[in-house]
Structures are given as structure tokens and as C-alpha cells.
Number of protein chains: 2
Amino acid sequence: MSYQREDATSTEMRHDWLLDRWVIMAPERTSRPDDFERKSVKVVQQVEDCPFCQGHEYETPSALAEYSVAKSSGTWQVRVVPNKFPAVRANAAFVQSASCDLLSDCVMGDGVEMTSEIDLFQKRNLSGGHEVIVESPRHLSSMTQLDREAMYLVFEAYRDRLARWLEHDDAEYAVVFKNVGPDAGASLIHTHSQLIATDVLPTDIARSTARMQLFYEREGECLFCRTIQDEVQLQNRVVECTDDFLVYCPFASRLPSLVTIVPRTHQSQFEMLDGAPLEHLAWLTHRTIRRIEKCFPEAAYNLVIHTSPRFLKGSSIFHWRIELFPRITKIAGFEWGSDCFINPIPPEIAAPRLRHILV
Amino acid sequence: MSYQREDATSTEMRHDWLLDRWVIMAPERTSRPDDFERKSVKVVQQVEDCPFCQGHEYETPSALAEYSVAKSSGTWQVRVVPNKFPAVRANAAFVQSASCDLLSDCVMGDGVEMTSEIDLFQKRNLSGGHEVIVESPRHLSSMTQLDREAMYLVFEAYRDRLARWLEHDDAEYAVVFKNVGPDAGASLIHTHSQLIATDVLPTDIARSTARMQLFYEREGECLFCRTIQDEVQLQNRVVECTDDFLVYCPFASRLPSLVTIVPRTHQSQFEMLDGAPLEHLAWLTHRTIRRIEKCFPEAAYNLVIHTSPRFLKGSSIFHWRIELFPRITKIAGFEWGSDCFINPIPPEIAAPRLRHILV
């Protein structure tokens with residue numbers, strides 16, 4: 001094992017440079033007793049009622065895009081529709097609270113200090129979009145049931161929808177994410193992903209991009225380019241390394257077995273990928289999810305694609321990446337009250353476990 | 001209903017002044033379809049194996065404190081023990097990474113920029129303590145099964161342990177919290193709370209105290225004193241208001257039905273409470289948990305007591321408070337990736353629901 005505690009009687013904290021926050025590593029916590037039977041949640045298998053299955057297209061809003069396999073007779077393989085229950089809506093007019101009229105260029109987590117009098121009940125409207133990417137016409141529950149061609153179509157859809165929002169519309173920020181299993185926030189079983197686009201930067205995006213800018217100013221290189229170079233050299237947190245991409249468990253992960261996939265050369269925009277690299281990435285993601293599924297059977301997980309917000313597009317500062325994380329721990333009162341997470345599986349233990357899975 | 005959307009086709013965001021972050025309010029999201037049966041988790045009822053039950057004291061480390069009811073014959077009613085699986089240990093020596101030797105007065109979320117060369121793999125040791133407050137000698141699963149006298153003893157224990165860490169030891173920060181149900185991070189059913197004390201300020205504590213300081217500098221009064229005055233006047237987010245305390249649902253809650261209990265006059269330290277006010281607060285908390293239990297049967301929930309970190313003790317800046325929040329939504333990929341939460345129950349809807357519960 002490549003992981004050794006310097007002092008088994010002490011508590012180790014690690015600094016996440018990207019978001020400037022500390023994480024507690026506490027592998028001893030995994031040996032706690034547990035009164036609760038972790039039953040896998042029974043899934044209601046109502047295929048005939050599933051709004052994402054072929055033949056049920058009338059249950060969703062009209063498709064924004066459809067993708068088919070080369071040799072099919074016009075049947076869609078991947079289908080993008082507006083979310084019927086959107087968290088973010090388009091074309092919103094500003095809602096203003098009583099004493100607030102300076103919000104037009106407001107950035108979440110910034111800009112509020114500029115008003116002359118503090119308003120404790122400040123509101124604004126959020127404008128953008130919320131889409132669903134249905135990944136198969138069949139009632140599959142995992143992306144790993146897709147074949148190589150189908151995976152490529154899903155990644156094409158990701159790429160196209162991100163490009164659409166970040167190039168042709170008013171979004172400042174867009175993210176593709178995937179919730180699998182109820183503990184990861186999923187409400188439908190049929191394999192799908194989502195896209196949310198917003199006209200402001202969410203708090204952590206504003207913070208992390210500011211940190212990337214700071215790193216670049218001080219070191220003259222991209223934070224992730226440096227990290228990749230270090231991780232490839234150290235090897236102990238590497239899950240897989242190909243010519244083009246690195247799969248690794250970051251040094252200060254807040255969640256156990258969180259995995260990051262990054263391009264090894266600097267690229268700011270996921271949505272610029274095409275052809276062989278996109279196909280390669282799609283299958284590498286498939287393989288990485290297989291590792292997680294085999295390592296943590298039945299565990300819920302999330303996938304998040306971080307691509308450059310509009311204002312850093314094409315920059316030397318932002319490096320796109322995919323994060324994948326099984327949801328095997330719960331966020332308890334301490335974490336909620338402090339934003340200080342306790343990770344019971346240090347990445348030096350998580351990475352070799354995932355690496356040694358046969359995929 | 002006191003809550004009206006200005007524009008039903010738009011998405012509303014609200015600013016949380018305390019942590020300078022935006023929250024999305026999306027009540028429409030509650031009508032989403034759901035494939036998953038939310039089965040209540042079956043509890044393994046192994047009373048004979050419970051380390052917190054009377055007669056099993058040998059299964060925990062020696063008691064740090066015990067509290068008894070006035071007329072009992074020496075039997076403990078509340079028992080405080082060190083956590084057998086601590087997330088934070090005492091008396092740790094510093095672990096230093098290769099290029100880092102300036103961490104002695106490091107504050108989480110701050111201070112790292114001061115090193116001359118950026119170290120992406122920075123570690124430090126965390127020193128402090130992790131205690132368990134066992135709230136009854138009997139195998140009860142909820143604090144609401146305690147009577148008034150037993151509740152007072154629990155709150156006395158909270159008060160004494162916080163005072164011990166913040167007055168006589170090296171802790172810069174200490175928090176009492178309670179996890180009830182597996183979705184809230186609990187692993188044992190027997191009613192208990194925990195205390196974590198640390199020699200550094202966790203990220204969100206450093207941020208929120210900086211915001212409270214900023215508010216005080218700009219407005220000449222405490223952020224919470226102002227909030228309390230406004231909420232009492234507005235009434236629409238008030239759950240209960242007594243002579244001494246206010247129970248309300250904050251304007252920009254990240255979680256649905258989050259409730260805050262605050263003293264109506266300025267007090268920075270929970271651990272200064274005694275006698276009638278402490279008894280009053282204990283029973284008000286009991287009543288508020290009953291509201292949550294009746295409104296969301298079987299839901300997991302957390303309780304967190306925010307008292308002043310050492311450096312703001314006795315100040316006009318920090319206002320102590322208790323937060324209580326049922327865990328009825330899951331944190332999905334979007335929230336994890338952005339720190340932007342989607343709350344499906346605006347506090348103007350949550351508060352009257354809780355207020356109208358008969359307790």
C-alpha cells in the first residue's frame with residue numbers, strides 16, 4: 001500500500017488549493033459500528049410509465065436534438081429535451097426586492113457588497129436553461145449498458161448542448177451532470193444526464209475560477225497542468241493514464257473515491273472535443289464508471305463535467321475536467337455546519353482499489 | 001398563504017448574506033415524478049449490543065462527565081464520553097509536507113497564500129477533540145422522548161462541554177451537533193449528540209465570521225440582531241416567537257424547512273446560558289423537533305449549535321444560534337459541482353406549515 005500515515009494517533013488535514021478549503025482524512029472512521037441496515041432502495045419498475053422510453057416521447061416536451069446510430073432506420077439513440085420540472089427557466093425578467101436595483105451584472109458570490117445599503121432579503125431572477133439528455137431509447141439503468149457507439153453519441157450530445165449554450169446563447173456558465181440512484185439525487189431510473197445553464201456564475205465556480213486565475217498569475221501555468229504533471233510523476237493517486245487523458249483521485253477530495261478525468265494537454269473547453277479524442281474520452285468514462293460500479297456495487301454516484309465559463313473560454317487558466325464520485329458517505333451535521341468534510345478513504349487508498357478492478 | 005411568486009414563469013434566486021452565496025428557490029420541483037420507493041430504513045434493534053445503553057458503559061471510553069436527575073440514586077441520565085472513532089484527535093504534532101513550514105497559525109480557508117511557493121499537496125495536523133453526549137440511559141431513538149428535566153440536563157451538558165473546550169483548552173472552535181437517522185449521517189440509533197473542537201476555524205466558519213465582522217463594520221450592529229428585528233416585524237417566516245427566543249425559517253435557506261433558533265437579545269456564547277433561559281431553550285428545542293417530526297415523519301434531521309469561536313467570544317459581532325434541518329432532499333450533481341443549492345420549499349411556505357403543527 002502506498003499510503004502511510006505519518007502518525008497514526010493524529011488527525012490529518014489536507015488543503016484543496018482549487019477551492020482553498022481543508023478536508024479531514026479519517027480512515028479510522030470506517031470501522032465505526034452501524035445500527036442501520038443499508039437496504040438497497042427498491043426500484044419501481046414501471047417501464048410502461050417511463051417518460052424516457054421509446055414510444056413515450058409525447059410525455060416530454062419536444063426534442064431539442066436527436067442522435068441516431070449510423071445504420072439505424074431513423075430511430076433516435078440519444079434524445080435531448082427541456083426538463084419538464086426545470087430548476088432554471090429561460091427568459092426571466094428581473095425580480096427586484098425593495099431596496100435593490102443594481103443587480104444586472106450580479107455574479108453569485110460577488111457584487112453584492114457594491115450596493116450602498118445592505119439588503120438582507122435580496123432576490124434576483126436566474127435565467128438560463130435546464131435540459132435532459134436521454135441516453136438510450138431502452139429502459140437501461142446504467143450508462144455502462146451502452147456500447148461504444150452509443151457512448152460516443154451521448155458525449156456528442158454533451159458537447160453540442162454545452163456548445164449551444166456557451167456559444168450561441170446568453171449563458172455565462174453551463175454544466176452537464178448525471179445523478180444515478182436516489183442517494184445521488186436521481187428521481188428517474190432510465191439512464192439520463194442533465195444540463196443546467198445560467199446567466200451568473202454559481203458560488204463555487206466564481207471561487208474556483210478566481211483561484212485558477214491566482215495560480216496562473218503566480219506560477220505562470222495552469223493549476224491543472226501542474227497537478228497532472230505532479231500526479232503522473234507520483235503515480236500513487238493514478239487510476240489510469242492514457243496518451244491523452246489522466247484518471248486520478250485528487251489529493252484533497254471531500255468525498256471518498258472521487259475520481260477526476262482530465263486531458264493531459266491544456267484544453268479549456270470540453271465542447272471543443274471531436275472525433276477520436278471524444279470517442280476515446282467517452283469510452284474511458286465508461287470504463288471508469290465500470291470501476292466504480294464494481295468497487296461499490298449498488299452505490300449511487302454523480303458525474304459532473306466542468307467546462308470553462310464563458311469569460312475564460314480559450315484561456316490558459318481554465319482546464320476542463322470530469323468528476324465522478326460514488327455517494328457512499330452521508331453529509332452529517334458537522335460538515336453542514338462547517339463546510340469541513342471528513343473523508344474516510346484517502347485517495348492513496350482509493351486509487352489503487354479502482355486501478356486494480358478488471359474492466 | 002403569505003408566499004407569492006412575482007412571476008410564475010421565472011426562477012427566483014435569493015442571497016444568503018451570511019455566507020455570501022445564492023440559493024435557487026424552485027417549488028415546482030416538488031411535483032417531479034419519482035421511480036424510487038423511499039423505504040424507511042430498517043433499524044437493527046440490538047439493544048443488548050448498544051454501547052450507549054445503561055449497563056454497557058464498559059464499551060465506551062471512560063466518562064468525561066455525567067449528569068443525574070435531582071432525585072435519582074446516583075444513576076446517570078446524560079453521559080459524555082470521548083468518541084471511540086474520532087474524526088479529530090487531541091495533542092497532535094504537526095505533519096509537514098515537503099515545502100511547507102509556515103502553518104503554525106494557519107486558518108482553514110486562509111493563510112495559505114502567504115507561503116512563497118505554492119504547494120499543491122499541503123497537509124497539516126488537526127488538533128482538538130471529538131466527544132459523544134449520550135442523552136439517556138435508555139435505548140430511546142428520539143430526543144423528543146425525553147422529559148423536561150432530562151432535556152435540561154442534555155443542554156447543561158452541551159453548555160459545559162462547549163465551555164470546557166472554549167475556555168480551558170486550546171480549541172479555537174467548538175460545535176455541538178446531532179445526526180438523527182442514516183440520511184443525516186447517524187450510525188447509531190440511541191439518542192446522542194456530538195461535539196467536535198478544533199484548533200483552526202473550518203472554512204465556512206472563517207467565512208461567516210468574516211461576513212459578520214463586515215456587517216458590523218458597515219452597519220454598526222450585529223447581523224443577526226438586525227435579521228431578528230426584521231423577521232419579527234415581517235412574521236411570514238416565523239415559526240414561534242417567545243419573550244427570549246425566535247424560531248424562524250431563514251430567507252435564503254439552502255435546505256427545505258431549515259429552522260433557526262436565536263436569542264432575541266444579543267448573546268455571543270451559547271455556553272454562557274444558565275438556569276431559566278437554558279431550560280426555556282431546551283424545551284423550545286424539544287418543541288421545534290416535535291414540529292419537524294410531525295411535519296416530516298421518519299425524516300432524518302440534523303441539529304447544529306453555532307457558538308462564538310474563541311476569537312469573537314463576548315463580541316458584539318457574533319450571535320449564537322441553533323440550526324435544525326430535516327434531510328428530505330438529496331444533494332445532486334449540480335449542487336456538488338457549483339455549491340448552488342436548489343430549495344424546493346421556500347421558507348414562507350415552510351414556516352407556516354411548522355407553525356400550525358400542534359405541539
Side-chain angles (χ1 to χ4, degrees), chain A residues 6 10-15 17 20-22 24 26 28-29 32 34-37 41-44 85 87-89 92 95 108-109 112 118 120-126 175 177-179 182 185 187-189 196 202-205 219 227 251 302 304 330 332-334 336-340 342, chain B residues 6 10-15 17 20-22 24 26 28-29 32 34-37 41-44 85 87-89 92 95 108-109 112 118 120-126 175 177-179 182 185 187-189 196 202-205 219 227 251 302 304 330 332-334 336-340 342:
Chain A
E6 283 85 347
S10 68
T11 306
E12 178 182 309
M13 298 195 78
R14 297 185 179 195
H15 183 245
W17 209 92
D20 192 14
R21 62 189 171 198
W22 289 85
I24 296 174
E28 306 85 349
R29 299 275 293 164
R32 280 184 296 168
D34 196 337
D35 270 353
F36 299 98
E37 258 182 67
V41 178
K42 201 176 165 188
V43 172
V44 182
F85 305 92
V88 181
R89 292 169 184 275
V95 171
M108 291 186 231
V112 176
I118 290 177
L120 294 182
F121 304 118
Q122 189 165 264
K123 296 179 185 179
R124 60 154 288 160
N125 261 350
L126 178 62
V175 62
F177 60 98
K178 186 172 172 64
N179 309 328
S187 52
L188 293 173
I189 191 87
I196 283 182
T203 316
D204 265 8
I205 307 306
E219 305 285 309
T227 304
F251 170 75
N302 296 100
V304 181
K330 303 288 181 179
F334 177 70
W336 263 106
S338 66
D339 199 39
C340 179
I342 301 168
Chain B
E6 284 85 348
S10 69
T11 307
E12 179 183 309
M13 298 195 79
R14 297 186 181 194
H15 183 246
W17 209 92
D20 193 14
R21 61 189 170 198
W22 290 86
I24 296 174
E28 307 85 349
R29 299 275 293 165
R32 280 183 296 167
D34 195 338
D35 270 354
F36 299 97
E37 257 182 71
V41 177
K42 201 176 164 187
V43 172
V44 182
F85 305 92
V88 182
R89 291 170 185 274
V95 171
M108 292 187 229
V112 176
I118 289 177
L120 294 182
F121 305 117
Q122 187 166 264
K123 295 178 186 179
R124 59 155 287 162
N125 262 351
L126 179 62
V175 62
F177 60 98
K178 186 174 173 61
N179 309 328
S187 53
L188 294 174
I189 190 87
I196 284 182
T203 316
D204 266 7
I205 306 306
E219 304 285 309
T227 304
F251 171 75
N302 297 101
V304 181
K330 303 288 181 180
F334 177 70
W336 264 105
S338 67
D339 198 39
C340 179
I342 301 168

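FYI, side chains are in, hydrogens and waters are out, and symmetry mates aren't considered; it's all heavy atoms of this structure. Residue numbering restarts at 1 for every chain, and letters A, B, ... go by the order of the sequence lines.
Between A:Ile24 and A:Trp22, every side-chain heavy-atom pair lies at or beyond the 4.5 Å cut-off. In this structure the side chain of B:Leu120 never reaches within 4.5 angstrom of the side chain of A:Phe251, judged on heavy atoms.
Counting heavy-atom pairs under 4.5 Å between each of B:Ile342, B:Val88, B:Ile196, B:Thr227 and chain A puts B:Ile196 at the top. In terms of heavy-atom pairs under 4.5 angstrom with chain A, the leader among B:Val304, B:Ile205, B:Leu188 is B:Leu188. The candidate with the highest count of non-hydrogen atom pairs below 4.5 Å against chain B, out of A:Gly333, A:Gly337, A:Gly185, is A:Gly333.
In this structure, B:Thr11 and A:Arg89 approach most closely via the heavy-atom pair OG1-N, 2.7 Å.
Checked by atom type and distance alone, the side chain of A:Asn302 never pairs as donor or acceptor with a backbone atom of B:Ala332 at under 3.5 Å.
With a threshold of 4.5 angstrom between heavy atoms, B:Phe85 approaches chain A through its backbone and through its side chain.
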